[in-house]
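To start, the structure itself, in structure tokens.
The model shown is predicted, which means the values in this text are computed figures rather than measured ones.
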Amino acid sequence: MNILAQIAADVATGVQTLYGQETPAEKVALSPTRKEFEGDYTVVVFPYTKAAKKKPVDIGEDLGKYLITNSTNIVAYNVINGFLNLSIAPSYWTNLLEEIAVNENYGKKPANGRKIMVEYSSPNTNKPLHLGHIRNILLGWSSAKIYEAAGYEVIKVQIVNDRGIAICRSMLAWERFGNGETPESSGIKGDHFVGKYYVKFNTEFVKEYEEWQHTEEAKSVYAAKKKENQDETAFFKAYKNDYFNEYSFLGRDAKEMLVKWEANDPEVRTLWKKMNGWVLAGFDKTYESLGVVFDKLYFESDTYLLGKELIEKGLKEEVLFKDGKRVWTDLSNIGMQQKTILKSDGTSTYTSQDLGTAQMRYNDYQAERVIYVVGDEQISHFQGVFEILKRLKEPYADGLYHLAYGMVDLPTGRMKSREGTVVDADDLVAEVIGAAKADAIERGEIVDMPKAEQEDTFRKIGLGALKYFILKVNSKKRMVFNPEESVETQGNTGPYIQYAYVRCSGVARKAPEINMATSVDYTDLQAPEKELILKIFQYPAAIEDAAKEYDPSVLAAFSYDLARAYNKFYHDINILKSESESAMAFRLKLSAVVARTLASSMDLLGIEMPARM
RNA sequence: GGUCCCAUAGCUCAGCUGGAUAGAGCAGCUCACUUCUAAUGAGCAGGCCUCAGGUUCGAAUCCUGAUGGGAUCACCA
């Protein structure tokens with residue numbers, strides 16, 4: 001039992017013996033004492049006024065006295081209004097540090113034999129990854145790390161959306177305008193290369209559309225279908241999709257290609273494989289630069305027809321209904337309307353795919369929980385899918401969770417591909433590393449390092465800045481990504497935390513070796529030292545919280561607070577000039593534990609620590 | 001129209017199951033480097049926690065309603 005649970009339990013029995021009021025220990029209001037008061041933890045005594053029939057101050061006195069004699073580590077108390085401030089024996093904190101020092105896995109839970117699957121990234125194979133994907137990827141990776149730290153076996157998967165009309169557009173454009181160009185021949189990274197043809201298709205399509213607007217056919221369509229008071233420009237702007245489906249030659253050809261793809265046409269399939277191969281190779285490089293990996297890739301081209309069994313079962317159990325070939329269900333109980341699962345031509349939908357994929361993955365891994373890291377614009381979709389699986393009484397249905405994160409906006413507003421404001425993932429990574437490099441060179445602190453090591457340090461700092469900037473924001477909130485602030489290294493930033501770590505390393509380099517297992521006789525605990533131990537003490541709870549809330553930002557905040565406490569300590573107390581040998585040994589040990597804890601908590605965010613910077 | 005999310009300092013964000021005078025960072029103004037790396041530390045200034053009710057000894061936090069912003073409710077993925 002840790003000290004907090006101990007105090008809570010003692011307060012509970014104290015209230016029971018003093019006033020005869022039954023109080024569960026979990027209900028005891030216990031919080032860290034505010035800085036301006038004397039003490040470590042504070043008990044709020046207002047809740048006991050009724051049973052005690054006394055003033056809060058008197059209750060505080062009663063309980064304070066009771067705890068001094070009946071609770072092990074409490075050495076002093078004071079009462080202010082309804083607040084009982086308790087001081088814990090310094091030896092408790094120094095002993096705690098000794099314990100933590102010899103625990104390499106401090107904060108992490110032992111393996112519990114349970115399995116969680118995290119699905120993240122899930123890109124389309126028609127264009128490169130962008131800033132939105134980066135938030136997704138960082139959240140997915142961090143969640144996976146957090147669950148591992150919480151004792152779970154985590155399977156990281158990605159579902160690659162590699163089929164459909166979008167990829168056919170790129171294919172068509174490449175076939176028609178590519179002249180056999182390849183990523184190799186052009187020197188363009190595969191995903192960007194294919195993206196280029198996706199854009200090419202679009203510009204050609206727009207050209208075609210504009211020409212068509214001057215034809216007699218277009219005029220008669222406008223006359224027949226325009227809404228009241230709708231001028232030509234507005235009409236044709238709104239009509240674009242219909243044009244693609246009904247009149248466009250390029251649209252017709254792209255759709256034809258999709259039909260051929262579905263019919264397994266060898267030529268189309270070969271081209272498709274070639275271009276997807278280029279894209280996937282490009283994605284791999286991006287993932288590598290971000291330091292993330294996957295255990296298993298699912299491809300939509302393999303899964304899009306799944307779900308038939310579940311649908312059969314649903315029809316039999318009258319969870320799903322049939323109209324001709326169309327299969328649907330009613331979701332009004334969760335605030336939605338009818339959901340189509342198979343279209344009236346009998347073909348699959350996103351919903352049927354997701355039903356089938358859920359089942360397939362359960363068959364593959366039997367994970368008790370699956371976390372889908374997907375943007376919050378798909379909240380309703382997943383509510384629908386999960387609801388249907390619940391109605392089908394699938395054993396895994398209750399373990400499905402949609403980690404819905406908010407959009408990433410720029411200071412100028414939303415990213416819009418049409419306006420070219422989408423921030424490319426590879427560009428961004430290169431930029432943050434470049435900025436870190438410029439900073440570091442100007443500071444000149446690591447110029448003596450071997451070149452390769454320097455580059456590695458720039459990379460760690462740049463990515464540290466970027467990742468922390470994104471992960472420090474609560475995942476479910478929409479966030480503003482300011483490119484200038486994302487490369488900042490001062491204040492509440494990744495590099496600030498890395499710098500605290502670098503200070504720890506610097507001290508360790510210049511000090512005599514210490515043995516973490518040798519206990520130190522030090523009792524004159526200074527305020528900044530106690531502050532640090534208190535902070536370190538909160539690490540396990542931070543991990544638990546982050547796991548429970550599906551929220552890495554908890555660990556970002558923890559890391560920052562710990563770094564801040566260390567910087568304060570470092571500033572106030574010169575470790576290498578300590579007043580005694582034992583004081584120095586204690587501080588070196590404290591410093592080493594801080595370093596380890598910072599590295600550990602940042603690792604859960606996917607951020608690496610440089611040794612120097 | 002239905003459902004859901006968000007609203008805290010000029011800006012970007014924290015505020016755990018309700019608890020003391022609402023916190024950080026950035027930007028602004030001061031101060032501290034012959035010191036274990038100043039990518040640091042200390043200070044000043046900056047708030048009707050969107051609004052109105054309610055519950056409570058006590059509300060930024062819980063409930064209801066309003067306002068503003070966003071998402072979604074497809075035989076798209």
Side-chain angles (χ1 to χ4, degrees), chain A residues 26-27 29 31 33-34 36-37 42 44-47 49-50 56 80-83 85 124 161 163-166 241 300 304 323 325-328 331-332 334-347 349-351 353-354 375-381 383-384 404 406-407 409 411 414 436 439-440 443 445-446 461 465 469 472-474 476-482 484-485 488-493 495-500 502-511 541-542 545 548-549 553-554 556-557 560-561 564 567-568 570-577 587 591 612-613:
Chain A
E26 311 83 61
K27 289 274 175 188
S31 52
T33 301
R34 296 178 65 107
E36 56 268 42
F37 302 107
T42 297
V44 183
V45 303
F46 288 109
T49 46
K50 265 185 203 149
I80 297 169
N81 299 323
F83 300 92
N85 302 321
N124 294 318
N161 300 301
R163 52 148 236 125
I165 193 72
N241 265 333
E300 194 198 0
Y304 81 110
D323 261 347
K325 285 185 179 173
R326 174 173 178 252
V327 174
W328 59 278
L331 294 175
S332 52
I334 54 170
M336 282 184 271
Q337 297 161 20
Q338 279 195 7
K339 187 113 179 158
T340 297
I341 294 153
L342 292 182
K343 299 179 213 167
S344 44
D345 61 0
T347 57
T349 62
Y350 191 32
T351 305
Q353 274 182 50
D354 270 354
D376 63 5
E377 72 275 11
Q378 294 196 36
I379 287 175
S380 323
H381 168 71
Q383 275 177 344
M407 291 269 137
D409 289 327
R414 345 180 29 148
D439 255 18
R443 284 168 53 79
E445 200 67 54
I446 58 169
I461 297 171
F469 188 80
K472 76 173 172 185
V473 181
N474 186 319
K476 65 170 184 269
K477 285 195 183 175
R478 191 175 253 270
M479 70 171 286
V480 177
F481 183 87
N482 184 326
E484 278 137 45
E485 284 175 23
E488 269 299 319
T489 62
Q490 297 175 2
N492 188 357
T493 66
Y496 172 94
I497 298 164
Q498 289 172 325
Y499 183 67
V502 162
R503 283 180 148 177
C504 296
S505 321
V507 170
R509 245 193 330 268
K510 296 193 175 156
D545 249 36
K548 199 177 77 197
E549 302 295 324
S553 72
V554 172
Y560 175 65
D561 285 348
R564 208 151 60 99
N567 277 334
K568 168 79 173 150
Y570 183 93
H571 180 267
D572 289 358
I573 297 170
N574 192 315
I575 301 168
L576 298 184
K577 291 183 185 161
R587 286 164 190 161
S591 195
R612 293 169 54 199
M613 66 190 278

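No side-chain N or O of A:Ser553 forms a donor-acceptor pair with one of A:Asn474 less than 3.5 Å apart. When only modelled atom types and interatomic distance are considered, A:Tyr350 and A:Gln378 share a side-chain donor-acceptor pair under 3.5 Å. Remark: the A:Arg326 side chain and the A:Thr340 side chain contain an N/O donor-acceptor pair separated by less than 3.5 Å.
The side-chain ring of A:Phe46 is stacked on the base of B:rG19, judged by centre separation under 5.5 angstrom and plane angle under 30 degrees. A distance cut-off of 5.5 Å between ring centres, combined with a plane angle under 30°, places A:Phe37 in a stacking arrangement with the base of B:rA20.
Stem analysis of RNA chain B (at least three stacked-register Watson-Crick or G-U pairs, each with both distances under 3.5 Å) gives B:1-7 with B:67-73, B:10-13 with B:23-26, B:28-32 with B:40-44, B:50-54 with B:62-66.
If you take atom P in B:rC51 and the same atom in B:rA60, they sit 11 Å apart, rounded to whole Å. Comparing the same atom, P, in B:rC31 and in B:rG47 gives a spacing of 24 Å after rounding to whole Å. Between the C1' atoms of B:rA22 and B:rU8, the separation comes to 8 Å (whole Å). Taking the P atoms as reference points, B:rC13 lies 29 Å from B:rU21, given to the whole Å. Taking the C1' atoms as reference points, B:rC16 lies 22 Å from B:rU12, given to the whole Å. For the P atoms, the distance linking B:rG19 with B:rC11 amounts to 26 Å, nearest Å. The same atom, P, is picked in B:rG65 and in B:rG43; the two are 45 Å apart, to the nearest Å. B:rC63 and B:rG70 are spaced 24 Å apart, taking the P atom of each and rounding to whole Å.
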Next item on the list: Determine, step by step, whether A:Ile80 and A:Phe37 satisfy the side-chain contact (heavy atoms from CB on, under 4.5 Å) criterion, reporting the C-alpha distance in whole Å, the side-chain angles of both residues, the deciding distance to 0.1 Å, and the verdict.
Entry: CA-CA 9 Å; A:Ile80 297 169; A:Phe37 302 107; 3.3 Å; yes

Next item on the list: Could you give me the CA-CA distance, side-chain angles and deciding distance for A:Trp328 and A:Asp323, then say whether side-chain contact (heavy atoms from CB on, under 4.5 Å) is met?
Entry: CA-CA 8 Å; A:Trp328 59 278; A:Asp323 261 347; 3.7 Å; yes

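Between the OH atom of A:Tyr570 and the P atom of B:rA39 there is a distance of 10 Å, given to the nearest Å. With rounding to whole Å, A:Lys472 atom NZ is found 10 Å from B:rA14 atom C1'. Here B:rA77 presents its C1' atom at 9 Å from CZ of A:Arg163, a figure rounded to the nearest Å. One can place CD1 of A:Ile573 at 15 Å from C1' of B:rU35, the figure rounded to the nearest angstrom. To the nearest angstrom, C1' of B:rU12 lies 7 Å from CZ of A:Phe469. B:rA14 atom C1' lies 13 Å from atom CD1 of A:Ile497, rounded to whole Å. Regarding A:Met407, its CE atom lies at a distance of 15 Å from the C1' atom of B:rG69, rounded to whole Å. Between the CD1 atom of A:Ile461 and the C1' atom of B:rA39 there is a distance of 9 Å, given to the nearest Å.
Put simply, A:Tyr350 has no side-chain N or O that comes within less than 4.0 Å of OP1 or OP2 on B:rA77. Contact between the side-chain N/O atoms of A:Lys343 and the OP1/OP2 oxygens of B:rA74 is not found at any separation under 4.0 Å.
Taking the side chain as every heavy atom from C-beta outward, A:Glu445 and A:Arg612 never approach each other to under 4.5 Å. The side-chain heavy atoms of A:Arg503 and A:Val507, taken from C-beta on, include no pair separated by under 4.5 Å. Using a 4.5 Å heavy-atom cutoff, the side chains of A:Met479 and A:Asp409 are not in contact. By the 4.5 Å heavy-atom criterion applied to side chains, A:Lys510 and A:Leu576 are counted as neighbours. A heavy-atom distance below 4.5 Å is not found between the side chains of A:Lys325 and A:Lys343. The shortest side-chain heavy-atom distance between A:Met613 and A:Tyr499 falls under the 4.5 Å cut-off. Counting heavy atoms from C-beta outward, A:Leu331 and A:Gln337 have side chains that stay 4.5 Å or more apart. Under the 4.5 Å side-chain criterion, counting only non-hydrogen atoms from C-beta, A:Leu342 is not in contact with A:Thr347.
Nearest to the side chain of A:Thr489, among B:rA39, B:rG19, B:rC36, sits B:rA39. Candidate nucleotides B:rG70, B:rC73, B:rC75 were compared by shortest atom distance to the side chain of A:Arg414, and B:rG70 ranks first. Candidate nucleotides B:rA24, B:rC36, B:rA14 were compared by shortest atom distance to the side chain of A:Asn474, and B:rA14 ranks first. Here the side chain of A:Ser31 is nearest to one of B:rC36, B:rA77, B:rC16, namely B:rC16. When each of B:rC26, B:rA42, B:rA20 is scored by its nearest atom to the side-chain atoms of A:Gln490, the top-ranked nucleotide is B:rC26. In the set B:rC36, B:rA77, B:rC16, the nucleotide with an atom closest to the side chain of A:Ile575 is B:rC36. Closest to the side chain of A:Glu300, out of B:rA24, B:rA77, B:rA39, is B:rA77. Ranking B:rU12, B:rU40, B:rG19 by closeness to the A:Glu485 side chain, first place goes to B:rU12. Comparing B:rU37, B:rU12, B:rA38 by their closest approach to the side chain of A:Val502 singles out B:rU37. Among the nucleotides B:rU35, B:rU72, B:rG23, the one closest to any side-chain atom of A:Glu377 is B:rU72.
Within the 4.0 angstrom heavy-atom criterion, no nucleotide atom of any strand lies near A:Pro56. Residue A:Ser332 is classed as having no contact, given no heavy-atom separation below 4.0 Å to the nucleic acid. Counting non-hydrogen atoms under 4.0 angstrom, A:Asn161 reaches nothing in the nucleic acid.
For a distance-only test at 3.5 Å, the side chain of A:Asp561 fails to qualify as a donor-acceptor partner of the base of B:rA14. A donor N or O paired with an acceptor N or O is found under 3.5 Å between the base of B:rC75 and the side-chain atoms of A:Ser344. Between the base of B:rU37 and the side chain of A:Arg443 there is a donor-acceptor pair shorter than 3.5 Å. Within 3.5 Å, no donor on the side chain of A:Thr493 pairs with an acceptor on the base of B:rA39, nor the reverse.
In this structure, A:Phe469 has its ring center closer than 6.0 angstrom to the ring center of A:Phe481.
Looking at which nucleotide of RNA chain B each of A:Arg478 and A:Ile80 is closest to, the 5′-most match is held by A:Ile80. When each of A:Tyr560 and A:Arg326 is assigned the nucleotide of RNA chain B bearing its nearest heavy atom, the one mapping closer to the 5' terminus is A:Tyr560.
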Within the sub-3.5 Å range, which N or O atoms of nucleotides 28-32 of chain B have a protein N or O partner, and how far apart are they?
none

Under 3.5 Å between N/O atoms: give me all the protein pairs with nucleotides 2-7 of chain B, atom names plus distance.
from: B:rA7; atom 1: OP1; to: A:Lys477; atom 2: NZ; distance (Å): 3.2

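Classified by interplanar angle (parallel below 30°, tilted 30° to 60°, perpendicular above 60°), the ring pair A:Tyr560/A:Tyr496 is tilted.
Comment: A:Asp572 engages A:Lys568 in a salt bridge, judged by a side-chain N to carboxylate O separation of less than 4.0 angstrom.
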